[in-house]
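Side chains included, hydrogens not; waters and symmetry mates left out as well; all remaining heavy atoms used. Being a predicted model, the structure only gives us computed values, none of them experimental.
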Amino acid sequence: LELVLEQFVINPNSQDLEPWDWVMAWYDLVPSASFISLIENSFFPNWLRTLCSWLNSCPNYGEVSKWYVSWKEKFNDKLLQHPNIQSK
């Protein structure tokens, strides 16, 4: 799962969500603390790097906002309520 997320290409212009969906399918099978750590350490660094790069290129902030909201919707309620995920 870690390798899948580390190699997951985050692309605001054309996003392939198959790897993300595959990892999220394991949510109920992996201990919660391990899954949170996985998301924190293997997903968010790439996601934040993409967001930072996009924000530094004079983007359309409406598109950035829409992208952000669409990603937030990909997290289930339990993940969204976890402080470590909220901090990201």
Side-chain angles (χ1 to χ4, degrees):
L1 296 175
E2 184 177 310
L3 185 60
V4 169
L5 285 180
E6 287 174 356
Q7 295 179 351
F8 182 44
V9 175
I10 300 172
N11 182 347
N13 296 317
S14 178
Q15 187 64 64
D16 175 14
L17 291 171
E18 186 176 349
W20 174 261
D21 294 337
W22 186 81
V23 169
M24 292 305 290
W26 287 83
Y27 177 76
D28 291 326
L29 302 171
V30 175
S32 180
S34 296
F35 203 85
I36 295 295
S37 179
L38 173 72
I39 298 296
E40 275 187 291
N41 298 319
S42 299
F43 170 74
F44 274 116
N46 291 334
W47 187 87
L48 290 169
R49 194 171 19 262
T50 300
L51 176 60
C52 183
S53 175
W54 196 12
L55 289 173
N56 285 321
S57 68
C58 299
N60 175 320
Y61 291 105
E63 289 178 10
V64 174
S65 179
K66 183 178 174 182
W67 181 78
Y68 174 88
V69 168
S70 73
W71 268 108
K72 189 173 180 181
E73 291 171 348
K74 292 173 184 20
F75 287 79
N76 67 36
D77 289 337
K78 284 186 178 181
L79 283 174
L80 287 175
Q81 292 173 7
H82 195 280
N84 294 20
I85 299 299
Q86 288 179 352
S87 73
K88 300 294 184 186

### Task
Describe, in one word, how the ring planes of Trp47 and Trp67 are oriented to each other, choosing from parallel (under 30°), tilted (30 to 60°) and perpendicular (over 60°).
parallel
Please tabulate, for side-chain N and O atoms in residues 18-30, each donor-acceptor pair with protein atoms closer than 3.5 Å (sequence neighbours left out).
none

### Query
With a cut-off of 6.0 Å (strictly less than), are more than 12 heavy atoms of other residues, nucleotides or ligands near NZ of Lys74?
yes
### Query
Would you find a donor on one side and an acceptor on the other, under 3.5 Å apart, between the side chain of Asn46 and the backbone of Glu6?
yes
### Query
Within a strict 4.5 Å, meaning less than it, do heavy atoms of the Asp16 and Val9 side chains meet?
no
### Gap between atom CG of Leu1 and atom CZ of Phe8 - 0.5 Å precision
13.0 Å
#### Entry: Separation of Ser53 OG from Leu51 CG (nearest 0.5 Å)
9.5 Å
Considering only distance and modelled atom types, tabulate donor-acceptor pairs under 3.5 Å from the side chains of residues 34-42, sequence neighbours left out.
from	atom 1	to	atom 2	distance (Å)
Ser37	OG	Asn41	ND2	3.0
Glu40	OE1	Asn84	ND2	3.2
Glu40	OE2	Asn84	ND2	3.4
Asn41	ND2	Ser37	O	3.1

### Message
For Asn11 versus Gln15, what's the shortest heavy-atom pair and its separation?
### Response
N-OE1, 2.8 Å
### Query
Looking only at heavy atoms, what is the nearest atom pair of Leu48 and Lys88, with distance?
CD2-O, 4.3 Å
#### Entry: Same apolar cluster (I L V M F W Y, side chains within < 4.5 Å links), Ile85/Val69
yes
